[in-house]
Amino acid sequence: MNRIYTSEAARMLGVARRFLPRAEIAEEVVHDAFVRIWQKARDFDPARGSARTWIYTVLRNHALNTLRNERRVDPTEDFEAFGFVSEEEGPEAAVMRLSEASRLRRCLGGLEPMRRDVIVLAYTQGLTHGELAGRFGVPLGTMKSWIRRSLTALKDCMS
């Protein structure tokens, strides 16, 4: 897998950037594609095409799915109701400031508490993936997955 990463990662990022204008999203798509390639390696059938073609098909499909999901709903539009908070204020207090009738509050309530806190801190305090990973004591890849999955859940809930 390391050889595949070394030889293809930069090119895969270039392909992902053609689909996705935001660099951080394209990087996540490439990361996710490598995870899928690793998990689905036994499904590769050389009779159907080359390994490189299969790898780029996995990347392309994931990039297109991500692009479709990004365009569907932007859950950040209701986050403006949070306002900017001080670092002393915790995520729970920020959520409580939302109207009880707010769809965003209801959807945030459907997330696991730790993942809800991650999303709220990211949007109210502008913490990066790395800062959040450090604060919650998890690896960076785990934090990126939490954020991606939590935002997907919010999009689904709010649409």
Side-chain angles (χ1 to χ4, degrees), residues 1-80 82 91 95 103-159:
M1 188 63 148
N2 189 31
R3 285 187 7 201
I4 295 170
Y5 181 83
T6 302
S7 66
E8 299 298 325
R11 194 172 308 135
M12 289 174 74
L13 183 58
V15 170
R17 288 295 309 267
R18 288 187 200 134
F19 289 100
L20 304 158
R22 292 179 42 205
E24 64 273 6
I25 301 294
E27 290 170 4
E28 286 185 33
V29 165
V30 171
H31 172 266
D32 293 345
F34 273 109
V35 170
R36 287 180 186 197
I37 290 163
W38 177 257
Q39 291 172 337
K40 303 288 184 181
R42 67 181 171 281
D43 295 341
F44 169 66
D45 182 4
R48 296 181 70 200
S50 73
R52 180 172 277 137
T53 300
W54 180 72
I55 288 169
Y56 281 92
T57 300
V58 170
L59 173 66
R60 178 186 168 276
N61 290 342
H62 188 54
L64 288 173
N65 287 339
T66 301
L67 183 62
R68 278 187 219 105
N69 290 337
E70 287 284 314
R71 288 183 178 162
R72 223 180 270 154
V73 175
D74 182 8
T76 62
E77 59 195 38
D78 200 10
F79 271 94
E80 293 175 13
F82 282 130
V95 171
R103 277 187 7 197
L104 178 59
R105 184 172 178 176
R106 180 180 49 81
C107 292
L108 283 168
L111 296 176
E112 295 174 25
M114 189 178 297
R115 293 184 185 195
R116 180 196 61 229
D117 292 351
V118 164
I119 296 299
V120 172
L121 288 171
Y123 280 92
T124 62
Q125 295 182 9
L127 298 179
T128 66
H129 290 100
E131 291 168 331
L132 289 165
R135 182 175 280 194
F136 286 87
V138 298
L140 180 60
T142 299
M143 182 55 63
K144 287 181 177 184
S145 293
W146 284 6
I147 291 171
R148 187 184 69 253
R149 288 180 184 139
S150 297
L151 288 176
T152 299
L154 285 174
K155 287 178 186 178
D156 291 345
C157 179
M158 293 181 68
S159 60

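In this text the structure is predicted, and so the values were computed from the model without any measurement.
Contacts of Arg60 classified as salt bridge (Lys or Arg N to Asp or Glu O under 4.0 Å), with partners at least two apart in sequence or in another chain: none. Remark: Glu27 pairs with no residue by the side chain to side chain donor-acceptor pair (under 3.5 Å) rule, at least two apart or across chains. When the salt bridge (Lys or Arg N to Asp or Glu O under 4.0 Å) test is applied to Glu112, the partners found at least two apart in sequence or on another chain are Arg115. For the side-chain contact (heavy atoms from CB on, under 4.5 Å) test, residues two or more places apart in sequence or in another chain that qualify with Asp43 are Lys40. Taking the side-chain contact (heavy atoms from CB on, under 4.5 Å) definition, one finds that Ile147 meets it with Val118, Ile119, His129, Leu132, Met143, Leu151, sequence neighbours left out. Evaluation of the salt bridge (Lys or Arg N to Asp or Glu O under 4.0 Å) rule for Arg52 yields Glu8 as partners, not counting sequence neighbours. Every residue two or more places apart in sequence or in another chain that forms a side-chain contact (heavy atoms from CB on, under 4.5 Å) with Thr57 is listed here: Thr53, Asn61. Remark: Ala41 engages no residue in a side-chain contact (heavy atoms from CB on, under 4.5 Å) (not counting sequence neighbours).
For residues 144-153, the side-chain hydrogen bond (donor to acceptor under 3.5 Å, both in side chains) pairs, not counting sequence neighbours, are Asp32-Arg148. Among residue pairs with one or both ends in residues 117-159, those qualifying as disulfide bond (SG atoms under 2.5 Å apart) are Cys107-Cys157; sequence neighbours excluded. The list of disulfide bond (SG atoms under 2.5 Å apart) pairs with a residue in residues 27-66, not counting sequence neighbours, is empty. Applying the ring pair (Phe, Tyr, Trp, His ring centres under 6.0 Å) test to every pair with at least one member in residues 39-66, sequence neighbours left out, gives these pairs: Phe44-Trp54.
Nearest heavy-atom pair, Leu20 versus Ala63, reported as atom, atom and distance to 0.1 Å: CD2-O, 4.0 Å. Minimum heavy-atom separation, Ala33 to Val58: O-CG1, 4.0 Å. In this structure, Gly130 and Leu140 approach most closely via the heavy-atom pair N-CD1, 3.7 Å.
Atom CD1 of Ile55 and atom CZ of Arg36 lie 15.0 Å apart (nearest 0.5 Å).
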* To do: Determine, stepwise, if the pair Thr6 / Arg3 fulfils side-chain contact (heavy atoms from CB on, under 4.5 Å).
  => CA-CA 5 Å; Thr6 302; Arg3 285 187 7 201; 5.7 Å; no

* Could you walk me through whether Phe34 and Ile4 pass the side-chain contact (heavy atoms from CB on, under 4.5 Å) check? -> CA-CA 9 Å; Phe34 273 109; Ile4 295 170; 3.8 Å; yes

